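Have a look at the structure below before the remarks.
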Amino acid sequence: MNTLVNEIKCPFYHAVGKEVEVFEQVYHNKLPLLLKGPTGTGKSRFVEFMAHSLNRKLITISCHEETSSTDLIGRFIIKGAETIWLDGPLTNAVKNGYILYLDEVAEARPDVIVAIHSLTDHRRELFIDKLGETYKAHEEFMLVASFNPGYQRGFKELKPSTRQRFVAITFNYPEPKVEHDILMQETGVEDVIAKKLVALGNKIRNLTELGLTETVSTRLLVDAGKLIQSGLANRLAVKVAVLEPLSDEKQILEALYDLTDLMI
Ligand code: ADP
């Protein structure tokens, strides 16, 4: 059965600034959008929410080092005695006016950036070299990409010339009040538990001397909240959902366990 986009329940998204208004304007002006920020700060949830509220179908591609332009544009496949062309998700989105979300675009192979080039400027067209054809993007097509600017920690960078093709919004860990509301809404935990989780998250974020590659994200706090809500003991939930994913170093983990015992 086909389900219309607007029949699906709207994903919960708590705005942290003017991002909803910015997205709407960027969409109406047919510009590409880049969401910058660490993992687990609500970028994907925001795109899902916006696609729903604009009533557009969303295609999400989680980019990794093997993601190539062929994966996005399409390929010839052999079917019986025939060779047929199969559109990839980018071509599909361009033709049908969907929102295409390239999550962690900097991780993809360089030919992906080349492939989206002509879609990110006034041309808004996709050239498919294997077919020798150029498609003008559908009126409603929108390209959204995310990027984690953690170059100092070994993540891949996005070239300035590529970044400048996008309108960009920065995401970060939300204010305690907002993060508290997100936890309550997402997990149903009691107010006092949400407060403690947020306080612990903020404390660990400020412990820069631990040298963590990535620190506590809202996602990790949400995971802990869910486990607590379903009956796991508070400290055990924090240990497995928040602390263990952060580090493998015994000393660091022990310091974090002690902190948890004090705060949770
Ligand atoms: P990212 O795409 O930045 O890695 P996600 O969008 O997957 O992060 O967010 C991870 C989780 O954190 C979501 O599933 C949601 O539970 C929660 N979350 C983070 N920020 C928000 C927000 N502003 N509103 C609602 N949920 C949020």
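All values derive from a computational prediction rather than experimental measurement. Each ligand, and each atom within it, is numbered from 1 in the order the structure gives.
- Here is the list of ligand 1 atoms found below 4.0 Å of a heavy atom in His14: 22 (C), 23 (N), 24 (N), 25 (C).
- Hydrophobic clustering (ILVMFWY, side-chain heavy atoms < 4.5 Å, transitive): Leu31 and Leu35 are in one cluster.
- Annotation: cation-pi geometry not satisfied between Arg163 and Phe147 (NZ/CZ under 6.0 angstrom from ring centroid, within 45° of ring axis).
- Considering only heavy atoms from C-beta on, Lys203 comes within 4.5 Å of Met263 through its side chain.
- Considering backbone and side-chain atoms together, Gly42 places an N or O closer than 3.5 Å to an N or O of ligand 1.
- The single protein non-hydrogen atom nearest to atom 15 (C) of ligand 1 is Glu186 OE1, 3.4 Å, given as residue, atom name and distance.
- No side-chain heavy atom of Leu197 sits less than 4.5 Å from a side-chain heavy atom of Val222.
- Among protein heavy atoms, atom 3 (O) of ligand 1 sits closest to Lys43 NZ, 2.8 Å.
- Looking at Pro38 and Tyr173, their side chains come closer than 4.5 Å, going by heavy atoms from C-beta outward.
- Under 4.0 Å is where a charged nitrogen must lie from a carboxylate oxygen, and between Arg219 and Asp223 no such pair does.
- Of all atoms in ligand 1, numbered sequentially from 1 with element shown, those under 4.0 Å from a heavy atom of Thr39 are 4 (O).
- Proximity to Phe12 (heavy-atom distance under 4.0 Å) selects the following atoms of ligand 1: 25 (C).
- Of the protein's heavy atoms, Ser44 OG, 2.6 Å lies nearest to atom 2 (O) of ligand 1.
- Nearest protein heavy-atom neighbour of atom 17 (C) of ligand 1: Val222 CG2, 4.0 Å.
- Of all protein heavy atoms, the one lying nearest to atom 6 (O) of ligand 1 is Arg45 N, 2.8 Å.
- Between Phe171 and Phe46, the angle of the ring planes lies from 30° to 60°, which puts this pair in the tilted group.
- Residue Tyr13 has at least one heavy-atom neighbour below 4.0 Å for each of these atoms of ligand 1: 22 (C), 23 (N), 24 (N), 25 (C).
- Remark: among candidates Glu19, Glu48, Arg219, Lys226, the nearest residue to atom 7 (O) of ligand 1 is Arg219, based on non-hydrogen atoms.
- The nearest protein atom to atom 26 (N) of ligand 1, hydrogens excluded, is given as Ile182 CG2, 3.6 Å; this is a heavy-atom distance.
- The single protein non-hydrogen atom nearest to atom 4 (O) of ligand 1 is Gly40 N, 2.7 Å, given as residue, atom name and distance.
- A side chain to side chain contact (heavy atoms under 4.5 Å, CB included) with Asn92 is found for one member of Ile73, Leu72, Ile59 and no other, namely Ile59.
- Between Asn202 and Pro176, some side-chain heavy-atom pair lies under the 4.5 Å cut-off.
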